[in-house]
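Everything below concerns the one structure shown next.
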Amino acid sequence: MNNIRVRFAPSPTGPLHIGGVRTALYNYLFAKKQGGSFILRIEDTDSNRFVPGAEEYIIEAFKWLGLEFDEGVHKGGPYGPYKQSERKEIYKRYVDELLSKDLAYIAFDTPEELEKMRTEHPNAQYDASMRMQMCNSLTISKDEVEMRLQTGEPFVVRIKIEPEQEIHVKDLIRGDIKVNSSLLDDKVLYKSADQLPTYHLANIVDDHLMKISHVIRGEEWLPSAPLHVLLYRALGWEETMPQFAHLPLLLRPDGNGKLSKRDGDRLGFPVFPLEWTDPKSGEKSTGYREMGYFPDAVVNLLAFLGWNPGTEQELFSLEELVQTFSIERVSKSGAKFDLEKAKWYNHQYMLKKSPSEVAELLMPILKEKHISIDSTKLSQICDLVKDRVNFPSELWDQTFFFFQAPTSYDEKVVKKRWSAEMPNVLKTVASRIQNVQPFDAEKLEVEIKNYIETEQLNMGQVMNCLRLAMVGTAMGPHLHDIIELVGKEESVRRILKAAEEIK
RNA sequence: GGUCCGUUCGUCUAGCCGGCCUAGGACAUCAGGUUUUCAUCCUGAAGAUCAGGGGUUCGAAUCCCCUACGGACUACCA
């Protein structure tokens with residue numbers, strides 16, 4: 001382990017959004033490429049928004065994706081605790097330090113007073129130009145501050161931003177960003193109500209204490225990055241400040257805007273890695289896992305939403321991504337999620353699976369239908385159809401005829417291919433295949449083709465009618481393979497039945 | 001409104017330290033081919049005047065400026 005340390009720091013306010021998963025993935029790839037550490041920290045400084053189950057969900061999601069943390073809430077580590085609500089005392093120390101250094105101040109303004117200030121001065125913010133008109137330790141006497149504190153009056157601590165300073169944020173993806181400090185407001189760092197810091201302070205303190213070397217996070221944090229730089233400076237940590245990289249956002253597939261849960265529901269793709277049931281409303285949202293996406297496919301497709309290797313290779317395992325990833329190749333503009341490409345990725349990973357792995361995917365569906373089958377045979381079946389499906393759920397539609405006889409015959413195909421002599425042709429085929437030894441695709445093909453050719457029948461017509469008998473419609477893998485796997489007895493039965501029933 | 005970030009085929013993007021770009025690849029689309037069928041697969045086509053306008057230069061998608069558009073942020077949320 002070297003000194004590269006990155007963290008993924010979600011707040012447990014609900015299920016993990018797929019954009020968050022991508023942020024975590026980029027953090028992971030960045031760290032692992034350099035042999036660094038990947039840390040999970042839970043940012044639960046907003047007690048009002050806590051959602052039960054969210055933390056467990058996050059951990060399970062990464063387990064499914066195969067992204068393993070080196071340190072974190074669920075496995076500890078040398079820089080714990082990794083949950084901000086358990087670090088109250090730590091933050092308090094630094095709040096006091098900022099206060100004593102006069103780099104922050106105590107404010108007593110009520111929500112109503114703040115509201116009033118904002119309506120009276122529409123373009124104003126709580127900053128150097130405004131703070132002397134507000135109720136805080138800068139405007140009231142020391143004694144009064146003391147008295148208010150004694151009586152337990154709620155307060156917040158705000159950072160005291162020095163105006164007219166030029167702040168530089170160095171971003172690994174976007175380069176140097178300059179902002180004048182006058183544009184920043186005196187952000188709340190700490191609230192007495194729950195004795196917790198806000199994101200900004202907790203974030204800086206934790207990243208410093210946990211020796212985070214690189215902060216890789218979503219673009220929505222870019223506007224507050226200058227504030228963070230100022231906080232590092234105020235705490236005397238600017239020398240060891242982590243490097244920043246702000247990732248482009250994941251956008252909705254149609255129109256513009258940030259990807260949201262609603263888009264997923266409307267357009268039919270998941271925005272969450274795993275299924276999530278809202279504990280309050282009971283509303284259920286599907287996940288990639290439940291839709292039949294493979295974790296390595298999700299990792300692969302997410303990696304390519306905003307990054308590419310610069311070569312023409314598009315299929316990467318997690319290990320290959322680790323080797324190839326570089327933060328410099330992350331693009332600057334937002335990426336729209338493309339459902340079709342997502343399906344294609346899943347298909348590619350379906351193709352990579354062995355017949356027995358695909359059989360494992362089909363097994364639960366068969367079990368549900370009370371169908372039992374020899375596992376070697378099932379593997380053979382799956383080998384025949386795996387290149388025809390994107391998701392495990394499509395497997396049944398491609399294989400049902402191996403397990404049960406068709407219950408109806410596709411009228412279109414009947415109309416196109418059937419003729420008066422077909423019943424007799426089928427009967428002859430049925431009797432001919434009785435004697436095929438061994439009963440395999442190769443021998444069956446010879447026998448059937450031989451018959452069609454010597455009798456000078458129409459190959460397309462006979463084969464399609466035979467398929468109609470075996471499958472019920474014009475689809476599926478090579479017919480001889482189907483007949484072999486369905487078996488002699490059942491195949492003959494189906495062919496004779498079709499000869500009787502199709503008119 | 002203000003601040004910051006962004007803008008190459010429908011989508012993800014390559015290219016961006018200027019000439020090899022008549023802008024490359026992938027997904028999707030369409031057309032052929034393979035196949036007894038459907039799917040896969042193979043081949044090909046169509047698809048971007050590089051957001052628009054000005055510069056700089058012998059030469060710009062690539063550098064600079066302006067405009068437009070999009071997004072994020074603008075909470076005692078993260």
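What you see is a predicted model; the values in this text were computed from it and never measured. Per chain, numbering begins at 1; letters A, B, ... match sequence-line order.
Looking at A/His478, its side chain comes within 3.5 Å of the base of B/U36 through a donor and an acceptor atom. Between the side chain of A/Arg174 and the base of B/C5, no donor-acceptor pair of N or O atoms lies under 3.5 Å. The base of B/A28 lies outside donor-acceptor range of the side chain of A/Lys341, with no N or O pair under 3.5 Å.
Looking at the side chain of A/Asn308, the nearest of the listed nucleotides B/C76, B/U13, B/C77 is B/U13. When distances are taken from the side chain of A/Tyr199 to each of B/U36, B/C5, B/A78, the shortest belongs to B/A78. For A/Glu220, whose side chain is taken as the heavy atoms from C-beta onward, the closest listed nucleotide among B/C27, B/C73, B/G25 is B/C73. Closest to the side chain of A/Val156, out of B/C76, B/U13, B/U36, is B/C76. Distance from the side chain of A/Leu305 is smallest to B/C12 among B/U36, B/G6, B/C12. Residue A/Arg329 has its side chain nearest to B/A14 when only B/A28, B/G6, B/A14 are considered. When the nucleotides B/U7, B/A39, B/A78 are ranked by their closest atom to the side chain of A/Ser333, B/U7 comes out on top.
Ring centers of A/Trp221 and A/Tyr199: under 6.0 Å apart, within the cut-off. In this structure, A/Tyr293 has its ring center at least 6.0 angstrom away from the ring center of A/Tyr349. Taking the six-membered ring for Trp, A/Trp307 and A/Phe325 have ring centres closer than 6.0 Å.
Both A/Val179 and A/Trp221 lie close to RNA chain B; mapped to their nearest nucleotides by heavy-atom distance, the more 5′-ward contact belongs to A/Val179.
Dashed line: the shortest gap from a side-chain N or O of A/Thr473 to OP1 or OP2 of B/U37 is not under 4.0 Å.
Side chain of A/His17 to backbone of A/Leu259: a donor-acceptor contact under 3.5 angstrom is found.
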